[in-house]
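Basis for what follows: all heavy atoms, side chains included, without hydrogens, waters or symmetry-related copies. Every chain is numbered from 1, with letters handed out A, B, ... down the list of sequences.
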There are 2 protein chains.
Amino acid sequence: MRLLLIEDEKELAAALAVALAKHGIVTDHTTHLADAFELTLQNDYDAILLDRRLPDGEGLTFVPKLRRSGRDTPIIVLTARNEPLERVEGLDIGADDYLGKPFLVEELMARVRAVLRRPTNLAETEIVAGRMVINPLHLNVAIDSTQFDLPRRELLVLIALAKRKNKTVRRSTLEEAVYNYEEEIQSNALDAHISRLRKRLADAGSGVAIHNIRGVGYLLKDE
Amino acid sequence: MRLLLIEDEKELAAALAVALAKHGIVTDHTTHLADAFELTLQNDYDAILLDRRLPDGEGLTFVPKLRRSGRDTPIIVLTARNEPLERVEGLDIGADDYLGKPFLVEELMARVRAVLRRPTNLAETEIVAGRMVINPLHLNVAIDSTQFDLPRRELLVLIALAKRKNKTVRRSTLEEAVYNYEEEIQSNALDAHISRLRKRLADAGSGVAIHNIRGVGYLLKDE
DNA sequence: CCACGAAGGTTGCAGCAGCATTACGGAAAC
DNA sequence: GTTTCCGTAATGCTGCTGCAACCTTCGTGG
């Protein structure tokens, strides 16, 4: 596990690094925002600890910058200012948590763990395909982290395909995924759903395509 | 928020359920350990309140059973025996807290909150959505830092949606968040709540909107 | 290499499932 | 006693969905 610590008080930073090391966490440290961004490009951090008051500006400005660059690394904001309104400010802008100084290292650790647990757990249930993130458990689909709505039947088809991404899914498997045994299906309804789903995926620039394997079934692939 | 109460004294159980309901907590109740385990399989509880002395055995035996099944739902043990030694017994075995009868409901609530705060998400204590700040633990909602009061059921719906802000929440999930299994729901009560909640959110200029995902559920988004 | 049949693709349409809204009355809270 | 909450049911509406008709692509055998 590797954290980036952006903090200009060197004593605090050093103490934190030691404390985190005891929890088996590797910490990179910088005092300036400019360097911080560089570092995020070169390394893949599990989380970022961010001070607000920094020599080269307000720490919060870093959050949208990182987000715009396409990364969703969890960010925990550290600060002396702990007013409710400022909390909101931080969270609103896309930070994941907020911790007012002074704090106990144990409390920080708890928050780091909490913030890390989130994506890991999600990773177990979420499928990435093209620019899409598909969550079969919650039945939702996002493209570039904005919600992508689909009609229920098309959604079920997509999920069934995504679960076996890059592998052929038999036609009969799809039918079972979309219809229960009570609902008999007398026409090419499934084909129609595939067709409509393809159109929507293309229009939305999803980055995936549904291929047909003649006589067998379908297959979802990155474009 | 949803609790499982395992307690054989029915009057106490009923009184507790009412008291917890006032705090916006949905309570499922059972008197036997055997049923309790079943219920934990079928539902996802935020915490479990467990009596020690039960008709079909020592309540504590339930703790390792649940843990072995892979769940870490917080358990608070309730009991008349409040000897320090017995506390240790309970905690040792994997319970999270211990409360000797008689107790004040307020004390119980404080412990429930504490136990919920611990495991996962400190970050979840406050959710920002539009101009609202929602605190699921304390069940309050503020718009521009002034208190925004909602009827209980609507509040529960809002919180369930807010916890998964920008993501679809299944209709069934919402129903579970608002009703316990005894309260059967024979009509479109949930729809009615959604409708009324929408109106209130709009009138108050909350800055959020509830969208419907046909066939799946609902979704809370910034406007 | 062409023709032909089968599998798959596309699209308009009608019916209906699912949702939104609102009024009403009983119940609970104040 | 008044007000608010809540479940129910009636009403209206939207757009999903199954169907069918028609078109395109694929693969095989002559």
Checklist line | Set of residues satisfying side chain to side chain contact (heavy atoms under 4.5 Å, CB included) with respect to B:Asp144, sequence neighbours excluded | finding: B:Arg131
Notebook entry, point to check: In residues 205-220 of chain B, which ones come under 4.0 Å of DNA chain D, going by heavy atoms?
Noted result: B:Arg214
Next item on the list: Assess whether side-chain contact (heavy atoms from CB on, under 4.5 Å) is satisfied between A:Asn140 and A:Gln147, documenting all intermediate values.
Entry: CA-CA 7 Å; A:Asn140 65 27; A:Gln147 176 81 8; 3.8 Å; yes
Next item on the list: Please name all residues satisfying salt bridge (Lys or Arg N to Asp or Glu O under 4.0 Å) with A:Arg200, sequence neighbours left out, ordered by chain then number.
Entry: A:Glu154
Next item on the list: Please report the shortest heavy-atom distance between B:Ala129 and B:Leu220, naming the atom on each side.
Entry: CB-CD2, 4.2 Å
Item checked: Sequence-distant partners of B:Ala142, side chain to side chain contact (heavy atoms under 4.5 Å, CB included), two or more places apart -> none
Item checked: Donor-acceptor pair, side chain of B:Asp28 and main chain of B:Leu4, under 3.5 angstrom -> no
Next item on the list: If the plane angle is over 60° it's perpendicular, under 30° parallel, otherwise tilted; pick one for B:His193 and B:Tyr179.
Entry: tilted
Checklist line | Pairing residues for B:Val178 by the side chain to side chain contact (heavy atoms under 4.5 Å, CB included) criterion, not counting sequence neighbours | finding: B:Arg153, B:Leu156, B:Val157
Check: So among B:Thr73, B:Leu5, B:Val63, B:Leu3, which one has a side chain to side chain contact (heavy atoms under 4.5 Å, CB included) with B:Ile48?
Finding: B:Thr73
Check: Near DNA chain C, which residues from residues 151-158 of chain B have a heavy atom under 4.0 Å away?
Finding: none
Checklist line | side chain to side chain contact (heavy atoms under 4.5 Å, CB included) involving A:Ala177 - partner list, sequence neighbours excluded | finding: A:Ala160
Note to self: Would the distance check show the side chain of B:Asp8 and the main-chain N or O of B:Thr31 forming a donor-acceptor pair, the cut-off being under 3.5 Å?
What the structure shows: no
Notebook entry, point to check: Which whole-number value in Å describes the distance from B:Leu150 CG to D:dT4 P?
Noted result: 14 Å
Checklist line | For B:Glu58 against B:Leu60, the heavy-atom pair lying closest together | finding: OE2-N, 2.9 Å
So which protein nitrogen or oxygen atoms get under 3.5 Å of nucleotides 10-12 of chain D's nitrogens or oxygens?
| from | atom 1 | to | atom 2 | distance (Å) |
| --- | --- | --- | --- | --- |
| D:dA10 | N6 | B:Asn188 | ND2 | 3.3 |

Item checked: Intermediate values then yes/no, side-chain contact (heavy atoms from CB on, under 4.5 Å), A:Leu155 and B:Ile213 -> CA-CA 11 Å; A:Leu155 181 61; B:Ile213 311 299; 5.7 Å; no
Next item on the list: Specify the residues of residues 192-200 of chain A, ordered by number, for which at least one heavy atom lies under 4.0 angstrom from an atom of DNA chain C.
Entry: A:Ala192, A:Ser195, A:Arg196, A:Arg198
Next item on the list: Apply the test side-chain contact (heavy atoms from CB on, under 4.5 Å) to residues A:Phe148 and A:Leu201: give CA-CA distance (whole Å), side-chain angles for both, the deciding distance (0.1 Å), then the verdict.
Entry: CA-CA 10 Å; A:Phe148 179 47; A:Leu201 290 176; 4.0 Å; yes
Checklist line | Outermost DNA chain C nucleotides near chain A [under 4.0 Å, heavy atoms] | finding: C:dA6 to C:dG12
Item checked: Rounded (10°) bend between the five-pair end axes of the helix from C:dC1-D:dG30 to C:dC30-D:dG1 -> 40°
Checklist line | Check: B:Leu33 main-chain N/O paired with B:Asp56 side-chain donor or acceptor under 3.5 Å | finding: yes
Check: Any sub-3.5 Å donor-acceptor pair from B:His32's side-chain atoms to B:Pro55's backbone N or O?
Finding: no
Checklist line | Contact list for residues 156-173 of chain A, test side-chain hydrogen bond (donor to acceptor under 3.5 Å, both in side chains), sequence neighbours left out | finding: A:Arg171-A:Asp191
Check: Is the distance from OP1 or OP2 of D:dG7 to the nearest side-chain N or O of B:Tyr179 less than 4.0 Å?
Finding: yes
